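For reference, the structure discussed in these notes is given below.
The model shown is predicted, which means the values in this text are computed figures rather than measured ones. So you know, we letter chains A, B, ... as the sequences are listed, proteins then strands, and number each from 1.
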Amino acid sequence: MDFSTELINWYHNNKRDLPWRNTTDAYIIWLSEIILQQTRVEQGMPYFYRFAERYPTVTAFAAANEDEVLRLWQGLGYYSRGRNMLKTAQLVQEKYNGVFPVKYDELIKLKGVGEYTAAAISSFSANEPRAVVDGNVYRVLARYFGIDEPINSPKGKKIFQQMANQMLNKEQPAVHNQAMMEFGAMLCKPKNPACGICPVRIGCVAFKTNATAWLPVKLKTVKIRKRFFNYMLISDGQKMLMNKRGEGDIWANMYDLPLIETPSLLDPVEVLHLPQMNVFGRNITLKDNSAIIKHILTHQHLFIRFFVLKDLPEEIPVNWFYADVNDLENLALPKPIFIFIKYFFNF
DNA sequence: AAAACGGGGAG
DNA sequence: CTCCCAGTTTT
């Protein structure tokens, strides 16, 4: 049996029952694929149900607004995915009359749809012979063929895409692609792969040379920047001063408290003489009578200190507004802001 | 070619 | 702590 057949057999006996596998509706598949970009299945699952229920069709999605989409997306990260989804839904509604495209060449033009996602949607919904290359596929191919070319270099990406194309079972591309990814996720895992029960270990270079631990090779490029955010919770206990973030930085278009970014955290005692607070809880440590949260992003470590002010200014900057605590459910908040406000207002 | 973009879970 | 997750876009 060839490689693809082995994996497909394995897949039929071991696959998880995932909701987006029970349909060929390109819209539903698109929904799942965008949500699952750089996101584990367990983390994305509740968001998939949430979006599929709220927007059963691309037409329904196209009728949404950005605030609403971002609020539904809150907590999932990489928020440009949500913003791009709305643009794409609206384009599909207008240009394609609400019929979601299924051809790779059309899909690849859509905002937020790259090579992987276009291959996934076209193969899953219409059996177009396009090989997907996601993190799982990189790993499976790198190990099976013993390829040490970095998977995140442009050269490596090209090589692995070509290999995946060559491996593709053109009789059943959809199942082949699912099998490759499921195999990578469940058996050929990053750590402690289950080589003992692997159906293709006989032909696997990494298994034969005991190289699974260091394959695939990945260039590390991440430079972590430290940033210091001083947030002002200006509130009378019922409403608080907020504004909407712009684009060009993290959390684009989400709602934010007044923010002072400084080279290091402001000292609450010396710099400000504010009503002191007594806050502690999840991810919050008490220091110098103000709350500090360390929030970790891929390229940034945020050190966040919250100050509480009880005097509400009458004159506030343009575009700022007072948000009632009961209206927060309609506002997309960055995770650390949400955690703090949730604690502070005790909901 | 490199950097930016979230948040969470596993080891 | 490090690595990685059904990647894409921007610089």
Side-chain angles (χ1 to χ4, degrees), chain A residues 15-16 18-21 29-48 70 73-85 87-88 107-121 123-124 131-140 150-158 160-161 164 174 177-186 188-193 213-214 216-225 227 245 247-254 282-283 293-302 332-339:
Chain A
K15 65 178 178 181
R16 292 168 289 183
L18 304 176
W20 44 85
R21 285 183 178 155
I29 293 168
W30 166 74
L31 208 54
S32 70
E33 292 301 337
I34 302 296
I35 287 173
L36 291 171
Q37 287 169 0
Q38 292 292 285
T39 304
R40 285 167 297 102
V41 166
E42 314 83 71
Q43 189 185 1
M45 188 82 78
Y47 288 85
F48 170 77
L70 286 177
W73 201 273
Q74 178 178 295
L76 192 56
Y78 285 160
Y79 296 93
S80 65
R81 291 182 291 171
R83 292 186 280 118
N84 284 334
M85 277 186 111
K87 292 177 192 164
T88 289
L107 291 162
I108 196 68
K109 299 175 187 168
L110 303 175
K111 278 282 188 187
V113 176
E115 284 186 58
Y116 162 77
T117 305
I121 300 174
S123 65
F124 298 158
V132 297
V133 184
D134 74 334
N136 295 305
V137 177
Y138 278 121
R139 186 168 55 254
V140 171
I151 61 173
N152 56 343
S153 70
K155 182 182 175 187
K157 287 181 181 176
K158 190 170 295 182
F160 281 96
Q161 180 69 60
N177 281 336
Q178 292 282 9
M180 288 284 285
M181 291 194 288
E182 190 76 341
F183 177 76
M186 306 296 289
C188 196
K189 299 175 294 181
K191 307 288 182 188
N192 305 318
W214 57 272
V217 173
K218 198 172 190 174
L219 263 32
K220 50 180 63 177
T221 55
V222 197
K223 284 184 317 192
I224 295 174
R225 178 164 59 125
R227 298 176 73 179
R245 295 179 62 83
E247 305 198 12
D249 197 357
I250 57 174
W251 304 324
N253 296 359
M254 297 175 77
R282 178 175 173 276
N283 284 345
I293 295 178
K294 182 177 182 183
H295 188 70
I296 298 176
L297 308 179
T298 302
H299 292 80
Q300 304 180 19
H301 284 188
L302 307 182
L333 304 174
K335 193 68 175 182
I337 308 297
F338 181 74
I339 290 174

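Side chain of A:Trp20, nearest nucleotide from C:dT8, C:dA6, C:dC3: C:dA6. For A:Gln37, taking side-chain heavy atoms from C-beta onward, the closest of the listed nucleotides B:dG8, B:dG6, C:dT8 is C:dT8. When distances are taken from the side chain of A:Lys191 to each of C:dG7, C:dC1, B:dG11, the shortest belongs to B:dG11. Of the candidate nucleotides C:dT8, C:dC1, C:dC4, C:dT8 has the atom nearest to the side chain of A:Tyr116.
Within 4.0 Å (heavy atoms only), A:Val137 reaches no atom of the nucleic acid at all. Residue A:Arg21 is in base contact, counting any heavy-atom pair closer than 4.0 Å across all strands shown. Within the nucleic acid shown, A:Thr298 comes within 4.0 Å of at least one base atom, counting heavy atoms only. At a threshold of 4.0 angstrom between heavy atoms, the contacts of A:Asp249 are confined to the sugar-phosphate backbone, with no base atom among them. In this structure, A:Gln178 reaches the bases: a heavy-atom distance under 4.0 Å links it to at least one base atom across the strands shown. A:Gly44 comes within 4.0 angstrom of nothing in the nucleic acid, heavy atoms only. Within the nucleic acid shown, A:Ile34 has no heavy atom closer than 4.0 Å to any nucleic acid atom. Within the nucleic acid shown, A:Leu18 comes within 4.0 Å of at least one base atom, counting heavy atoms only. Counting any heavy atom pair closer than 4.0 Å across all strands shown, A:Thr117 reaches sugar-phosphate atoms only and no base atom.
Listed for the A:Arg225 side chain is no donor-acceptor partner under 3.5 Å among the backbone atoms of A:His299.
Counting to the nearest Å, the C1' atom of C:dC5 and the CE atom of A:Met181 are 13 Å from each other. Protein atom CE of A:Met85 is 13 Å distant from nucleotide atom P of C:dT8, rounded to whole Å. Spacing between atom CE of A:Met180 and atom P of C:dA6 amounts to 14 Å, rounded to whole angstrom units. For the pair A:Arg227 CZ and B:dC5 C1', the interatomic distance rounds to 12 Å; values are reported in whole Å. Following rounding to the nearest Å, A:Met45 (CE) and C:dC5 (C1') show an atom-to-atom distance of 14 Å. For the pair A:Tyr79 OH and B:dC5 C1', the interatomic distance rounds to 11 Å; values are reported in whole Å. A:Arg225 places its CZ atom 13 Å from the P atom of B:dA3, with the value rounded to the nearest Å. Taking atom CD on A:Gln300 and atom P on B:dA4, their separation rounds to 8 Å, with Å as the unit.
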Exercise for the section: Please report the C-alpha distance between A:Met254 and A:Leu333 in whole Å, then the side-chain angles of each, then the deciding distance to 0.1 Å, and finally whether the side chain to side chain contact (heavy atoms under 4.5 Å, CB included) criterion is met. Expected result: CA-CA 6 Å; A:Met254 297 175 77; A:Leu333 304 174; 5.7 Å; no
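Comparing the P positions of B:dG11 and C:dA6 gives a spacing of 14 Å, expressed to the nearest Å. For the P atoms, the distance from C:dT8 to B:dG9 is 24 Å, rounded to whole Å. Only the P atoms considered, B:dG6 is 14 Å distant from C:dT11, to the nearest whole Å.
Here A:His295 does not reach the OP1 or OP2 of B:dG6: none of its side-chain N or O atoms lies under 4.0 Å away. Put simply, A:Trp251 has a side-chain N or O that comes within less than 4.0 Å of OP1 or OP2 on B:dG7. The side chain of A:Gln38 places an N or O atom within less than 4.0 Å of a non-bridging phosphate oxygen (OP1 or OP2) of C:dG7. Using a 4.0 Å cut-off, some side-chain N or O of A:Lys111 falls inside it from OP1 or OP2 of C:dT10. Residue A:Arg83 places none of its side-chain N or O atoms closer than 4.0 Å to OP1 or OP2 of C:dT9. In this model, the phosphate group of C:dC4 is not approached by any side-chain N or O of A:Tyr138 to a distance below 4.0 Å at OP1 or OP2. A sub-4.0 Å separation between OP1 or OP2 of B:dA3 and a side-chain N or O of A:Lys223 is present. Within the structure, a side-chain polar atom (N or O) of A:Lys335 is placed less than 4.0 Å from OP1 or OP2 of B:dG8.
Pairing each heavy atom of A:Leu36 with each of A:Val41, the nearest pair is CD2-CA, 3.8 Å. Closest non-hydrogen pair, A:Asn177 versus A:Ser123, comes out as ND2-OG, 3.0 Å. Here the shortest heavy-atom pairing between A:Leu219 and A:Asn152 reads O-ND2, 2.7 Å.
If you find the closest nucleotide of DNA chain B to A:Leu219 and to A:His299, the one lying nearer the 5' end belongs to A:Leu219. Nucleotides of DNA chain C nearest to A:Thr39 and A:Gly114 differ in position, and the one nearer the 5' end is that of A:Thr39.
No hydrogens or angles considered: a donor-acceptor pair under 3.5 Å links the side chains of A:Tyr116 and A:Glu33.
Checked by distance alone, A:Gln43 brings a side-chain donor or acceptor within 3.5 Å of a matching partner on the base of B:dG7.
Counting heavy atoms from C-beta outward, A:Met85 and A:Trp73 have side chains that approach closer than 4.5 Å.
By the neighbour-count criterion of 12 heavy atoms within 6.0 Å, atom CD of A:Gln300 is densely surrounded, having more than that number from other residues, nucleotides or ligands.
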